[in-house]
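Both ligands and their constituent atoms are indexed starting at 1 by order of listing.
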Amino acid sequence: MNFEQLYSPNPNFSNRYISPEKLFSYLQTNLSDYVQEIGRSYLDKPIYQLSIGTGAINVLAWSQMHGNESNASHAMLDLLETLDKAPEMKEDLFSKIRLDFIFMLNPDGSERWTRLNAADIDLNRDFHNESSTEIKFLKKAVALKKYDYALNLHEQRTIFTTDGVHPATLSFLAPSENEERAITDNRKKCMAVIGSIYDHLKELIPNQIGRYSDEFYPTSTGDNFIKSGMPTILFEGGHFIDDYTRKGTRKYYTIALYYALKAISELNSDTEGWEKYLEIPENQETHYDIIYRNVKLNTDHECILDVAVQYREIMKEGQDEISFVPFVMEVGDVKKRKGWLEIDCTGKKFVAATKYPKLDAPAEFTIED
Ligand SMILES: [Zn+2]
């Protein structure tokens with residue numbers, strides 16, 4: 001059996017939300033031989049690194065640098081869960097590589113389900129300023145060892161598709177080192193790995209794999225790490241149809257993580273096959289979560305328009321899963337975009353306390369017959 005047939009999600013973490021406390025206790029109980037604390041967050045939560053493997057190829061990965069992106073933490077837990085069922089596969093992989101995996105680089109943001117850390121800093125734009133506590137620990141980890149590869153693990157919004165129709169369930173990037181976006185040797189190393197992941201997954205999730213924009217971001221983590229000589233691959237988990245808790249994404253993210261590590265163990269810094277990366281379609285920004293079409297407002301003159309709505313993910317106190325709150329993003333002619341859900345309101349009534357749906361506010365209206 002291959003990895004995707006063996007895939008088993010870790011049953012202790014079935015929600016999209018991962019409580020840092022629960023994760024830390026799980027790591028201490030089940031993986032204490034492999035984890036060490038490498039630092040503390042702004043609010044004094046521990047940041048753990050799990051180290052596994054005896055191989056000569058050194059790989060660094062980190063999850064939840066943005067707190068509201070739990071897919072990669074799940075993927076690492078699921079990878080271990082799955083490989084426990086396939087000892088030979090596990091041995092084969094981890095005899096070639098050594099993986100240092102930092103769980104929840106931003107535990108405060110993970111607790112509150114926010115992109116930013118507790119001091120409202122985006123760790124992924126803090127490379128030079130180092131105004132966040134957490135980015136220093138990541139840079140310190142990089143300074144301690146010469147890594148052959150790094151995996152910068154993220155999630156993206158539901159707005160992205162690969163072709164205007166299919167969601168970008170997974171997107172990858174070999175980040176640019178300069179504004180000219182030159183294809184350097186280190187970028188080719190990343191592209192070769194991504195090309196191999198693409199080969200393994202394109203049949204499993206056809207048309208659902210995209211290439212993230214390679215615009216150079218001077219303050220971002222991946223761009224600076226690759227510029228400083230460490231090949232750094234960006235992963236982005238995205239939308240999966242009818243699956244806002246991203247269980248499907250989580251599965252394919254795990255499979256992608258496995259094939260990334262496998263490709264790294266086989267390529268060992270070779271760039272063979274890098275051109276395949278260029279076959280991957282580029283991400284397009286084409287969708288909203290919901291578009292209400294032909295909404296007739298309660299105005300004196302006839303006014304018919306579209307209302308585009310996007311869910312905001314909110315962690316409510318005392319809950320163990322995030323909530324999805326619809327927000328109005330655009331009102332007017334939204335023909336250039338599509339909705340994952342399209343609702344035709346022709347001949348129906350728009351019922352709300354206000355005449356117009358308010359932008360950037362919760363969608364507090366109903367559509368009635
Ligand atoms: Zn992110």
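- Using a 4.5 Å heavy-atom threshold, the side chains of Asp148 and Ile97 count as separate.
- Among the backbone and side-chain atoms of Glu155, no N/O/S atom is found under 2.8 Å from the Zn ion (ligand 1).
- If you look at His66 and ask which of its N, O or S atoms sits nearest the Zn ion (ligand 1), the answer is ND1.
- In this structure, the side chains of Glu111 and Leu43 stay at 4.5 Å or more apart for every pair of heavy atoms.
- Between Ser70 and Gln64 the shortest side-chain heavy-atom distance falls below 4.5 Å.
- Relative to the six-membered ring of Phe13, Lys22 meets both conditions, a distance below 6.0 Å and an angle of at most 45° to the axis.
- When you scan the N, O or S atoms of His154 for the one nearest the Zn ion (ligand 1), you land on ND1.
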